Amino acid sequence: MRNETSPTPEIASETIPVSERSRRSTRLRRTGRKRLVVAGALVATGLLVGTGFTVQAALATQASIDATASLTESSGVRAEQLGAYSAIAEARTRDSAQDTIVAANAALAAADGKVDASGLAASVASLGEYERLPLDSIVDLAKQTRTETEKTAAAAAEFDRLQAEQQAAAAAALAQANTPDGARATARALAASKYGWNDSQFQCLNQLWQKESGWSYTAYNASSGATGIPQSLPGSKMATAGADWQSNAATQIAWGLDYIARGYGTPCSAWSHSQSMNWY
């Protein structure tokens, strides 16, 4: 006699075979790993583009590469590709160091003989080893060199400004001294300080050189070639008193007073001779 058994209930929903579930799970894991790797690559790439480049970007790139390297074995992005980003970052850092040195050397040349640029020179010497230095050292030295470059350039610019002011002041003083009144004031002071000639002697000198040139440092006698306030003949004789004899009344005066002292003893004696002979 056959035993009766209860009929097997029907399955309400479709059962997914174990092998199929395993395959789907494997595909999901692989897709997740690929997404992580691609994201890491995009982060690394993003650090190399945009506005400017810093060593922090290079270090961040390397960190991203290290973090995702273990996931690249089964992905389409290879470790070699990620490593290329690090190489590019390093190359740009070293190129930047070279540009910094070029700018620093220009600042050194501009500051030569003007200001103390020893600090900048030392920084340039240290950064000059950038081909063999690690990236973090290059960044620190490049920053220091740029700071020293700015300081040196500012100091040189200030030196130039002060020099320009001094030259302008000297030019203004020379222009004033080259006027007839300025030349008289110069002659009075020099005659008293160097030769001990009093105001009476200066009055004789004033009349003598008023007659000869009108106290004009540009006076020139076309017939004789006599030149300047004291009417030196030729004018080039006054070069013994200074190379600027053609443009500086004070140089002409210094020569003229010496000529009078050696030839006549005093301005009044020279004036008397001029009155009688019409020359001195």
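Keep in mind the model is a prediction, meaning the values are calculated, not measured. Note that the numbering runs from 1 along the sequence shown for the chain.
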Would you name the heavy atoms of [X] and [Y] that are closest together and state the gap between them?
X: Ile253; Y: Ala183; result: CD1-O, 3.2 Å
X: Thr149; Y: Ala107; result: CG2-CB, 3.8 Å
X: Ala249; Y: Asn178; result: N-OD1, 2.8 Å
X: Thr186; Y: Ala177; result: OG1-CB, 4.5 Å
X: Gln231; Y: Ser213; result: NE2-CB, 4.2 Å
X: Thr152; Y: Ala117; result: CG2-CB, 3.9 Å

Side chain to side chain, [X] and [Y], heavy atoms closer than 4.5 Å:
X: Leu135; Y: Arg94; result: yes
X: Asn248; Y: Tyr217; result: no
X: Thr266; Y: Ile260; result: no
X: Leu233; Y: Asn221; result: no
X: Met238; Y: Pro230; result: yes
X: Asp160; Y: Lys114; result: yes

Can Glu150 and Arg146 be counted as an ion pair, charged N to O under 4.0 angstrom? no

Test: Asp181 and Arg184 ion pair at under 4.0 Å: yes

For the atom pair [atom1] ([X]) and [atom2] ([Y]), what is the distance rounded to the nearest 0.5 Å?
X: Trp255; Y: Lys237; atom1: CH2; atom2: NZ; result: 6.0 Å
X: Asn198; Y: Cys268; atom1: CG; atom2: SG; result: 8.0 Å
X: Thr100; Y: Asn105; atom1: OG1; atom2: CG; result: 11.0 Å
X: Glu90; Y: Asp95; atom1: CD; atom2: CG; result: 10.5 Å
X: Thr227; Y: Trp245; atom1: OG1; atom2: CH2; result: 5.5 Å
X: Lys143; Y: Ser123; atom1: NZ; atom2: OG; result: 13.0 Å

Determine whether Val102 and Val139 fall in the same hydrophobic cluster, where Ile, Leu, Val, Met, Phe, Trp and Tyr are linked whenever their side-chain heavy atoms lie under 4.5 Å apart. no

Just to verify, which of Tyr259, Trp209, Trp271 counts as forming a side-chain hydrogen bond (donor to acceptor under 3.5 Å, both in side chains) with Tyr280? Trp209

Describe, in one word, how the ring planes of Trp279 and His273 are oriented to each other, choosing from parallel (under 30°), tilted (30 to 60°) and perpendicular (over 60°). perpendicular

Side-chain ([X]) to main-chain ([Y]) donor-acceptor, under 3.5 angstrom:
X: Thr179; Y: Gln176; value: yes
X: Glu212; Y: Ile229; value: no
X: Ser274; Y: Ala270; value: no
X: Lys151; Y: Thr147; value: no
X: Arg188; Y: Asn206; value: no

Would one find more than 12 heavy atoms of other residues, nucleotides or ligands at under 6.0 Å from atom NZ of Lys211? yes

Of Ile101, Val124, Leu133, Asp136, which is the lone residue that meets side chain to side chain contact (heavy atoms under 4.5 Å, CB included) with Leu141? Leu133

Taking ring pair (Phe, Tyr, Trp, His ring centres under 6.0 Å) as the test, write out the residues that go with Tyr195, two or more places apart. Trp197

